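First comes the structure, then the notes that go with it.
Model, not experiment: these values are computed from the prediction.
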Amino acid sequence: MRLESNEHRLRFAPSPTGRLHVGSARTALYNWLLARHHAGVLVLRIEDTDAERSTRDLEERLMADLHWMGLEWDEGPDVGGPHAPYRQSERAAVYAARARQLLEAGRAFRCFCSDELLATKREAQRAAGEEPHYDGTCRRLDAGEAGRRAQSGETHTIRFHVPGGVVRFDDLVRGPMEIDSATLGDFVLLRSNGVPTYNFACVADDAEMQISHVVRGDDHLYNTARQVMLYAALGIPAPQFAHLALILDEDRSKLSKREGREGTYAYEYRDAGFLPGALVNFLALLGWSSPSGDDILDLERLVQEFDLDRVSKSPAIFDARKLRWMAGEHLRAQPLEALAERARPFLRAAGLPDDPERAAAWTAAFKDGIACLGELPPRVRELLHPGPLDAEAAAVLGQEEARRLLDTLADRLERVPGDTQPMDGAQFKRLLQECGRELGVRGKSLFMPARVALTGRLHGPELALLFDAMGRETATKRIRDAAR
RNA sequence: GUCCCCAUCGUCUAGCCCGGUCUAGGACUCCAGAUUUUCGAUCUGGCAACACGGGUUCAAAUCCCGUUGGGGACGCCA
């Protein structure tokens, strides 16, 4: 049962009460990275003690979102493992045993205070400018008497008897921490329905599952103090803790409070066609930096370089612009074929033809200007069905010289039989330049009319790519139409 | 309100632990130029920060204290 001193057993312990949040995604990523970096183990534990809000469906989505990011776990509810079950709702016996242990040792007590009474007291304390917490009423009850009341069916909770004094622990990112337990108050271990609370279940499970490092957001700092006391009372050595500074929204509030706003959940990035490696890369850099100073890092390098010693103590703001840039970089780093394959579902979903060749041509044409695959279909649609010309574009085609050029070009295109001599973008470009030479047109006044004729717009990808993206037939027709 | 945490360009950060090499480096954004075809693409260049006040020291972004600012926690949620 003893843990090897340098063995790393990490865990990610989400509660299935919502989709995977980007903040949680980062926590999951850091845990995963640390486990992989140290050749350790990652445990996925489902903290579904909140029966009201937890659902199996959300649990599955959570796992799907983690998988999308490329994060795998070694032990968990789906894959099993030596410490199964990995769902807290299935581990009641573990918590009951621990609670009994604490009760018998006099480190916990039964509390018969009602919810309403507690709420009233909290309000009063708050109004008096005190830190609102449990006032210890039932702690003074006689244990035997309390036991009898419980026996007779009186509803009660089990609270931990906070011993007082200063709680100390060494945080791997923050250094030595000291928290005065007087600011904590006796907290609930088991609810009146017998279900454990977060802090209790967490400690019982981390201990049982031999977790060596707990890496989580620093909104848990006070919980860690509670948990450290629990470990002590239980006579179990505590794991090492590392508290991550939170990710903040652009308005500097906790990111996880921005429920309902765009870009809050991991799946939104998947649905928008971001490459998972891009989100992972971005999240990794929100609070950690590579010793190399590089920004674009793939999973392999992340695993190789990641460690807690370069994790930042100060909170980071989620900068959607930088993510966009980074996503584009990852997109462009993909081989064209692979990217086109990934693009097909997005084309299909947009009601566009999704055959491999056309997908490849479109992807080639537009990949430089997009950050995610979801941005591809609108561009393809516009290519297929150009809108009306704006004044500036119309002016380009209004030029006499441009018309003559396009007319010549159209003649050439029509003269070469398509089936015997297929033509690609590069050849088209040569043909265009040939026409230009004959008519004495070059530079902007050569390429711009062709661009407008083909797309109806002044800006866009390179002409050769555009030609390939629409195909010879369409291109020829558009050049001819524009020449009239 | 009480307690805790944090503090380098607008943003992510390097440097801070082991003071001098920092006239503070990189990246995103923005701006300019270049690419004798455009661009939200590419390349090059530029703007831009050690929150403030005290110490300590020959010397402080780096160490200490305070102020200010920001964030978090104060549940039978996690």
Exercise. Could you check which of B:U2, B:C6, B:G10 has an atom nearest any side-chain atom of A:Glu131?
Key: B:U2
Quiz item: Heavy atoms under 4.0 Å, any strand shown: does A:Met177 hit a base, just sugar-phosphate, or nothing?
Solution: sugar-phosphate
Quiz item: How would you label the contact of A:Leu458 with the nucleic acid (heavy atoms, under 4.0 Å): base, sugar-phosphate, or nothing?
Solution: base
Exercise. State whether the distance check finds a donor on one side and an acceptor on the other, under 3.5 Å, for side chain A:Lys313 versus base B:C6.
Key: no
Quiz item: Under 4.0 angstrom, heavy atoms only, what part of the nucleic acid is A:Thr49 near: base, sugar-phosphate, or nothing?
Solution: sugar-phosphate
Exercise. Choose from B:C76, B:U37, B:A14 the nucleotide whose nearest atom is closest to any side-chain atom of A:Ser192.
Key: B:C76
Practice problem: Let me know the distance between CG of A:Asp135 and P of B:C74, rounded to the nearest Å. | Solution: 18 Å
Quiz item: Under 4.0 angstrom, heavy atoms only, what part of the nucleic acid is A:Gly443 near: base, sugar-phosphate, or nothing?
Solution: sugar-phosphate
Quiz item: What is the nucleic acid contact for A:Arg216, judged by heavy atoms within less than 4.0 Å: base, sugar-phosphate only, or nothing?
Solution: nothing
Quiz prompt | Proximity to the side chain of A:Trp325 - top-ranked nucleotide from B:A27, B:G72, B:G10 | solution = B:A27
Quiz item: Can you tell me how far P of B:A41 sits from CG of A:Leu331, to the nearest Å?
Solution: 13 Å
Quiz item: For A:Glu329, which contact category applies under a 4.0 Å heavy-atom criterion: base, sugar-phosphate, or nothing?
Solution: sugar-phosphate
Self-check item: Sugar-phosphate only, base, or nothing, as touched by A:Thr157 at under 4.0 Å among non-hydrogen atoms
Solution: base
Practice problem: Would you confirm whether the ring centroid of A:Phe160 sits within less than 6.0 angstrom of the ring centroid of A:Phe109? | Solution: no
Quiz prompt | Value in whole Å for how far the P atom of B:C4 lies from NZ of A:Lys254 | solution = 19 Å
Exercise. Measure from the side chain of A:Tyr222, starting at C-beta and using heavy atoms only, and say which of B:G40, B:C3, B:U38 lies closest.
Key: B:C3
Quiz prompt | B:C76 base / A:Thr197 side chain donor-acceptor hit below 3.5 Å | solution = no
Practice problem: Could you label the plane-to-plane angle of the A:His156 and A:Phe112 rings as parallel, tilted or perpendicular, counting under 30° as parallel and over 60° as perpendicular? | Solution: tilted
Quiz item: What's the closest nucleotide to the A:Ala316 side chain, out of B:C76, B:U13, B:G1?
Solution: B:U13
Practice problem: Using atom CZ of A:Arg122 as one end and atom P of B:G1 as the other, report the distance to the nearest whole Å. | Solution: 20 Å
Self-check item: Which residue lies more 5' along RNA chain B, comparing A:Phe447 with A:Leu190 via nearest heavy atoms
Solution: A:Phe447
Quiz item: Taking the six-membered ring of A:Phe200 as reference, does the NZ or CZ atom of A:Arg98 fall below 6.0 Å from its centre and within a 45° cone about the axis?
Solution: no
Quiz prompt | Aromatic A:Phe346 / basic A:Arg342 pairing, under 6.0 angstrom, 45° off normal | solution = no
Quiz item: Does the ring center of A:Phe187 lie less than 6.0 Å from the ring center of A:His161?
Solution: no
Self-check item: Check: B:U37 base within 3.5 Å donor-acceptor of A:Lys429 side chain
Solution: yes
Exercise. Nearest whole angstrom, please: distance from the C1' of B:C74 to the CG of A:Leu118.
Key: 14 Å
Exercise. Find the distance A:His156:NE2 to B:C76:C1' and express it as a whole number of Å.
Key: 12 Å
Practice problem: Would you state whether a donor and an acceptor, one from the side chain of A:Arg321 and one from the base of B:U29, lie under 3.5 Å apart? | Solution: no
Exercise. Over all heavy atoms of both residues, which pair between A:Gly217 and A:His243 is shortest? Give the atoms and the distance, please.
Key: O-CD2, 3.6 Å
Quiz prompt | N/O donor-acceptor pair, side chain A:Lys322 with base B:A27, under 3.5 angstrom | solution = yes
Quiz item: Taking for each residue the nucleotide of RNA chain B with the nearest heavy atom, is it A:Arg442 or A:Asn199 whose nucleotide lies nearer the 5' end?
Solution: A:Arg442
Quiz item: In whole Å, what is the span from the CZ atom of A:Arg45 to the P atom of B:A78?
Solution: 12 Å
Quiz item: So what does A:Pro132 hit on the nucleic acid, given a heavy-atom distance under 4.0 Å: a base, only sugar-phosphate, or nothing?
Solution: base
Practice problem: Before accepting this row, confirm whether a basic side-chain N of the pair A:Lys121/A:Glu123 lies closer than 4.0 Å to the acidic partner's carboxylate O. | Solution: no
Quiz item: Side-chain donor or acceptor of A:Asn223 under 3.5 Å from a matching atom on the base of B:A78?
Solution: yes
Exercise. Check every strand shown and say whether A:Ile179 touches a base, only sugar-phosphate, or nothing at a heavy-atom separation below 4.0 Å.
Key: nothing
